[in-house]
Amino acid sequence: MLYEEARVYLDHVSKYGSVLGLDSIKSLLEELGNPQKDLTFIHIAGTNGKGSILAYLSQILTEAGYRTGRYISPTVMEYLERFQIDGKYMKEEEFAEITGSVKRAAEKLVDMGKPSPTAFEIETAIAFEYFRKRACDFVVLEAGMGGALDATNIIENTKLCIFASISMDHIGVLGDTLEEITENKAGILKKGAAAVTGRQQECVLRILRQKAEEMGCPIFLADPEKVQVMQRSLKGQQFSYQEYEDLEISLTGQCQIENAVTVLEAVKVLRCQGIRISQEAVRQGLKNTRWPGRFTVYDRKPMVIIDGAHNEDAAKRLAQNISMLLPGRKVTAVMGVFQDKEYEKMITIMAPFLKFVYTIDLPNRERTLEKEVLCERLKKQGIEAETAESIEEALRLAKQREKEDGAVLVFGSLSYLGDVIRLEEKAAERN
């Protein structure tokens, strides 16, 4: 199987949509010899911040000398970004070879009268087989949707469960209340594992503690109130936390400091489990972490800010960052959203910071909220807006509207940020 054939196969399987449950992934992995049983996992669930926490912790483990697999979704830059070892993407030939093996296993299940695995289940199996073949010491992975019935939750050898900020997410699928959604995400807890959580609402924390107690998992809380911020700018941040002084991160925004603090607590727990991680590995891991599309700032004229805020909680964090780092200023924005997201709430939160918005259709035309509909929703909330025919046109028009000392914000969904980043990199090369 060639790489192009493997991608065509995954596109074909994607027609089966997303199905929550562990029966199908269990059968598929059994056909492959259960590669997940030969791996050690750190599992991350939550609504916002999962990816950043994964990036920080994976980089720290790599700096500490461990071969570290990363399994992430969705991706920003390219498809193979979801399968990484020590920050390097899986090679096309490896992906093709392993996909061929997983395809044969999936077809065998169908021949036996079982339902075809979904695309995410197949990708999860590919990840586990890849990490087993490359003998990873640790695999850091984030739950795709929820926790309890997400395909990633088939794993057993979990060292640590980490909970990023939990808020309303996939309403009606994971639950109709924050408490129901939290119970679903808490499903990643495993007997014998420890748990770490970042800052949470009180009702969320209560449920996490209760579920951890039921599973016999000690749970540890990060405490952002103990952070001392030394320096904060559009290029990075410097802070101290407990025994750590003058730590540096290149990611901007208060939420990134909170994510880093959650990871520091995770490191503390891993050390108690006998995993050797030096202070220098922690420092270098935080400093060297890159995570595109999360308040990524391109120092151009005008400045371009790219952020994957795609729900209410993420929009609040984005608004906080703009208020903090661009005080008193409004921006021209490019916005595209999925129709199943809380875009009305996002618009309300961001309205005070927007002076003009160009709306676009997202690459995934089946899920996108049509640009004309989004444009009308913005206008109803008193925001000037126009549609643009493409991402490239929207970015060009937004830049033309801003002066050299102005700022352009691109937000609404992670799904098109890779295209924006590539356009900005090409612009930098021309200059």
Side-chain angles (χ1 to χ4, degrees), residues 36-37 39-50 52-61 64 66 68-69 71 136-143 146-150 152-167 178-227 241-244 247 257-279 281-282 285-286:
Q36 79 282 5
K37 292 188 177 181
L39 298 166
T40 300
F41 295 95
I42 297 168
H43 206 178
I44 306 170
T47 306
N48 294 302
K50 289 184 297 184
S52 299
I53 288 171
L54 180 146
Y56 283 132
L57 186 54
S58 299
Q59 189 63 40
I60 288 170
L61 289 169
Y66 297 104
T68 307
Y71 180 43
C136 286
D137 299 305
F138 295 100
V139 173
V140 187
L141 75 166
E142 51 180 309
L149 298 178
D150 183 76
T152 61
N153 205 34
I154 195 68
I155 62 177
E156 299 172 7
N157 306 325
T158 305
K159 274 278 187 188
L160 180 63
C161 302
I162 303 176
F163 295 96
S165 172
I166 296 175
S167 57
L178 185 55
E179 289 81 1
E180 290 175 348
I181 289 168
T182 302
E183 288 202 19
N184 192 305
K185 292 179 185 290
I188 68 168
L189 289 164
K190 300 287 189 300
K191 291 185 183 298
V196 169
T197 179
R199 191 202 300 263
Q200 305 287 359
Q201 296 181 53
E202 190 54 44
C203 65
V204 171
L205 188 56
R206 184 180 66 253
I207 291 170
L208 291 179
R209 281 176 161 154
Q210 176 188 331
K211 293 295 180 182
E213 183 177 355
E214 290 174 4
M215 297 298 292
C217 300
I219 186 167
F220 302 88
L221 280 59
D223 189 358
E225 298 299 325
K226 294 181 179 178
V227 167
Y241 179 72
Q242 296 182 349
E243 73 268 28
Y244 295 97
L247 293 169
I257 291 181
E258 292 193 13
N259 291 334
V261 165
T262 301
V263 169
L264 292 175
E265 292 295 337
V267 167
K268 199 179 298 183
V269 173
L270 291 172
R271 283 172 171 165
C272 290
Q273 294 175 335
I275 298 165
R276 289 176 295 178
I277 303 173
S278 69
Q279 296 291 84
V282 173
L286 291 179

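Numbering starts at 1 and runs along the sequence shown. Computation of the quantities below employed the complete heavy-atom set of this structure, encompassing side-chain atoms and omitting hydrogens, waters and symmetry-equivalent molecules.
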Is the shortest heavy-atom distance from the side chain of [X] to the side chain of [Y] under 4.5 Å?
| X | Y | result |
| --- | --- | --- |
| Leu205 | Arg209 | yes |
| Thr40 | Thr158 | no |
| Gln242 | Lys268 | yes |
| Ile44 | Val140 | yes |
| Val261 | Arg199 | no |
| Val267 | Ile60 | yes |

Rounded distance [0.5 Å steps], [atom1] in [X] versus [atom2] in [Y]:
| X | Y | atom1 | atom2 | answer |
| --- | --- | --- | --- | --- |
| Leu39 | Cys136 | CG | SG | 7.0 Å |
| His43 | Leu54 | NE2 | CG | 10.5 Å |
| Leu57 | Leu270 | CG | CG | 6.0 Å |
| Asn153 | Phe41 | CG | CZ | 11.0 Å |
| Ile275 | Ile277 | CD1 | CD1 | 6.0 Å |
| Ile166 | Lys185 | CD1 | NZ | 6.5 Å |

Should we count CD of Gln210 as having more than 12 external heavy atoms under 6.0 Å?
->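 Check passes, neighbour count above 12.
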
Around atom CD of Glu180, are there more than 12 heavy atoms of other residues, nucleotides or ligands at under 6.0 Å?
->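 For Glu180, atom CD is crowded (more than 12 foreign heavy atoms under 6.0 Å).
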
May I have the step-by-step check of side chain to side chain contact (heavy atoms under 4.5 Å, CB included) for Asn259 and Lys50, ending in yes or no?
-> CA-CA 8 Å; Asn259 291 334; Lys50 289 184 297 184; over 6 Å; no

Judged by atom type as modelled, is there a donor-acceptor pair below 3.5 Å linking the side chain of [X] to the main-chain atoms of [Y]?
| X | Y | result |
| --- | --- | --- |
| Lys159 | Asn157 | no |
| Asp150 | Ala143 | no |
| Tyr66 | Arg276 | yes |
| Gln200 | Ser167 | no |

Can you see which heavy atom on [X] is nearest to which on [Y], and at what distance?
| X | Y | value |
| --- | --- | --- |
| Ala222 | Gly198 | CB-CA, 4.2 Å |
| Ala266 | Ile162 | CB-CD1, 3.9 Å |
| Lys190 | Cys217 | O-SG, 3.0 Å |
| Cys203 | Leu178 | SG-CD2, 3.7 Å |
| Ala164 | Gly49 | CB-C, 3.9 Å |
| Tyr56 | Ala260 | CE1-N, 3.8 Å |

Under the side chain to side chain contact (heavy atoms under 4.5 Å, CB included) criterion, do Lys211 and Ile207 qualify, and how do the steps go?
-> CA-CA 6 Å; Lys211 293 295 180 182; Ile207 291 170; 4.1 Å; yes

Decide whether Glu179 and Thr182 meet the rule of one side-chain donor and one side-chain acceptor closer than 3.5 Å.
->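 Thr182 and Glu179 do not have a side-chain donor-acceptor pair below 3.5 Å.
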
Start with the C-alpha distance between Phe163 and Leu189, add both sets of side-chain angles, then the distance that settles side chain to side chain contact (heavy atoms under 4.5 Å, CB included), and finish with yes or no.
-> CA-CA 10 Å; Phe163 295 96; Leu189 289 164; 3.9 Å; yes

Trace of the side chain to side chain contact (heavy atoms under 4.5 Å, CB included) decision for Asp137 with Thr68 = CA-CA 6 Å; Asp137 299 305; Thr68 307; 6.0 Å; no

Side chain to side chain donor-acceptor pair (under 3.5 Å) between Glu265 and Thr262: does it pass, once the steps are laid out?
-> CA-CA 5 Å; Glu265 292 295 337; Thr262 301; over 6 Å; no

